[in-house]
**Student:** 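Before I ask anything, let me first share the structure, which is written out below as structure tokens.
Computation of the quantities below employed the complete heavy-atom set of this structure, encompassing side-chain atoms and omitting hydrogens, waters and symmetry-equivalent molecules. Index from 1, following the sequence.
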Amino acid sequence: MVPPASRVAIAILWLSHVFLTARGLVHHYSDFLPPPTSWYNLWLPRPTDDLLLLHIQQPPAQGRYQHSRALSRRRHFGYSRHNGPDAWPLEYPKCNGERQSPINLESDEMYRLVVADRLQWHGYWDRPRNLTLTNNGHTIQVSGNWETAPTISGGPLESEYSFSQLHFHWGSNDKIGSEHTVGNVSFPMEMHLVHYKKAYGSQDEAVKYEDGLAVVSFLFQLSEWPNPGLNAIIPFLDAMVGAELEVTLVRPFPLEILDVSFPSEYVTYLGSLTTPPCSEVVTWIVSSRPLTLSHEQLAKFRYLSSADGELENNFRPVQPTNGRPVFYVT
Ligand SMILES: *[C@@H]1O[C@H](CO)[C@@H](O)[C@H](O)[C@H]1NC(C)=O
Ligand SMILES: *[C@@H]1O[C@H](CO)[C@@H](O)[C@H](O)[C@H]1NC(C)=O
């Protein structure tokens with residue numbers, strides 16, 4: 001039974017949606033609808049005590065540590081002056097390519113794209129067998145093991161893409177943090193759901209092909225209410241402060257508690273990974289519906305660090321579009 005107050009809230013949101021649609025406003029990317037924050041509390045589970053630490057994987061012991069050090073030397077990149085985005089092309093020439101990401105999204109410069117299919121989401125309500133959160137020194141990454149990994153298809157995608165991992169980019173203040181910008185405006189956080197083309201079998205194989213990856217991106221806006229879905233992740237961030245660690249959850253959650261699936265209303269363009277090696281293999285799908293989080297939640301991300309020091313401002317600046325078409329799908 002939906003409480004009466006919530007029904008009034010739904011009615012108001014619905015009426016404003018109808019009104020905005022009638023005025024043609026929702027079709028403009030720049031006219032972000034206010035996020036329906038109050039909906040979250042109606043149906044999303046609250047974080048509960050059963051999200052316990054199963055184990056915390058300590059950094060590898062001495063012998064293996066040196067090995068992984070040597071490996072990570074080559075993959076050493078960051079966001080500070082000496083190893084930041086300007087330095088990436090020295091070691092990763094692709095980062096100087098012609099179809100790099102992120103980009104600034106300008107509503108005036110988008111083509112409206114009509115696609116035959118809505119974006120289809122499969123298995124996002126499936127609970128994984130296990131779910132691992134990793135502070136990998138660049139970001140917080142969430143990955144898991146499913147009987148069958150969740151997939152997306154439809155929309156601009158010509159085949160099925162399997163979920164591989166999701167991660168976040170954020171900043172040290174509210175004016176920065178997202179990788180994509182909208183009309184030159186940054187958002188305080190951005191989340192990327194990375195998928196690889198199922199036919200290629202793995203992400204490692206898929207990055208060798210131009211149509212290898214599909215990344216779904218969400219921009220975050222600040223709200224006075226916490227995002228209950230993120231509360232499934234945030235309690236574990238404390239365990240990962242100051243160290244590059246993996247945490248595996250005893251009660252893994254289905255990804256849809258982050259409220260990710262949507263059928264339409266997104267920007268799509270061809271780009272790259274936003275971190276080295278900057279491979280130009282990504283079909284980007286940026287939702288025009290921002291998600292929300294509270295200041296307190298964002299503070300937990302800002303408090304994280306890596307072996308290098310601070311783990312914030314882990315976003316790449318926007319890259320030239322070089323005449324690439326950017327599409328808006330309604
Ligand atoms: C997660 O599940 C996979 C597949 O069942 C298994 O190989 C792996 O060891 C599990 N990881 C942890 C940390 O339990
Ligand atoms: C964003 O910046 C570019 C380059 O400076 C400029 O051409 C464009 O008009 C700006 N867009 C907005 C919405 O201000």
Side-chain angles (χ1 to χ4, degrees), residues 44-60 65 68 72 75 78-79 123-147 149-150 162-171 177-179 188-196 203 215-218 220 226-260 273-275 291-294 296-315:
L44 278 171
R46 285 251 152 224
T48 55
D49 294 340
D50 59 20
L51 292 164
L52 294 173
L53 291 186
L54 180 62
H55 70 259
I56 295 181
Q57 207 174 72
Q58 293 300 337
Y65 186 62
S68 63
S72 64
R75 289 202 258 120
Y79 296 90
Y124 271 78
W125 272 119
D126 293 351
R127 206 178 272 278
R129 283 192 289 231
N130 58 39
L131 200 68
T132 301
L133 312 190
T134 310
N135 172 353
N136 64 13
H138 309 300
T139 186
I140 291 294
Q141 182 168 306
V142 180
S143 54
N145 283 101
W146 284 260
E147 193 86 23
S162 297
F163 176 82
S164 158
Q165 45 98 348
L166 69 85
H167 62 262
F168 300 88
H169 301 270
W170 64 92
S178 66
E179 300 211 294
M189 189 161 91
E190 182 165 339
M191 175 172 76
H192 292 159
L193 273 61
V194 181
H195 301 76
Y196 63 87
Q203 181 167 333
V215 182
V216 182
S217 171
F218 295 88
F220 280 78
N227 176 326
L230 280 182
N231 274 351
I233 293 174
I234 282 171
F236 303 104
L237 299 186
D238 288 340
M240 292 188 279
V241 169
E244 292 166 25
L245 286 177
E246 280 188 0
V247 174
T248 301
L249 310 194
V250 95
R251 283 284 304 271
F253 54 84
L255 296 178
E256 189 54 43
I257 76 163
L258 295 169
D259 194 17
V260 289
L273 295 175
T274 63
T275 53
L291 298 177
T292 62
L293 86 169
S294 67
E296 289 73 18
Q297 291 183 311
L298 187 51
K300 294 287 189 181
F301 283 90
R302 289 180 182 154
Y303 196 59
L304 288 163
S305 51
S306 70
D308 262 358
E310 304 283 292
L311 179 51
E312 62 182 8
N313 298 330
N314 58 351
F315 60 91

**Student:** Step by step, work out the side chain to side chain contact (heavy atoms under 4.5 Å, CB included) result for Tyr303 and Leu237.
**Tutor:** CA-CA 9 Å; Tyr303 196 59; Leu237 299 186; over 6 Å; no

**Student:** Taking all heavy atoms of Leu311 and all of Gly137, pick out the closest pair and write down the distance.
**Tutor:** CD1-O, 3.6 Å

**Student:** Describe, in one word, how the ring planes of Tyr124 and His195 are oriented to each other, choosing from parallel (under 30°), tilted (30 to 60°) and perpendicular (over 60°).
**Tutor:** tilted

**Student:** Holding to ring pair (Phe, Tyr, Trp, His ring centres under 6.0 Å), I want the full list of residues that pass it with Phe220, two or more places apart in sequence or in another chain.
**Tutor:** none

**Student:** Using modelled atom types and a 3.5 Å cut-off, is there a donor and acceptor pairing between side-chain atoms of Asn145 and backbone atoms of Pro128?
**Tutor:** no

**Student:** I'd like to know if the side chain of Arg302 reaches the main chain of Glu312, judged simply by a donor and an acceptor atom lying under 3.5 Å from each other, with no hydrogens or angles considered.
**Tutor:** no

**Student:** Give a yes or no on whether the backbone of Pro226 and the side-chain of Gln297 come within a donor-acceptor separation of less than 3.5 Å.
**Tutor:** no

**Student:** side-chain contact (heavy atoms from CB on, under 4.5 Å) with His169: which of Met189, Met191, His138, His192?
**Tutor:** His192

**Student:** For the atom pair NE2 (His167) and CG (Asn136), what is the distance rounded to the nearest 0.5 Å?
**Tutor:** 9.0 Å

**Student:** Specify whether Phe301 and Phe168 have parallel, tilted or perpendicular ring planes, treating 30° as the upper limit for parallel and 60° as the lower limit for perpendicular.
**Tutor:** tilted

**Student:** Which residue in the set Val215, Leu255, Val194 passes side-chain contact (heavy atoms from CB on, under 4.5 Å) when paired with Leu166?
**Tutor:** Leu255

**Student:** Tell me every residue that passes salt bridge (Lys or Arg N to Asp or Glu O under 4.0 Å) with Glu147, counting only those two or more places apart in sequence or in another chain.
**Tutor:** Arg129

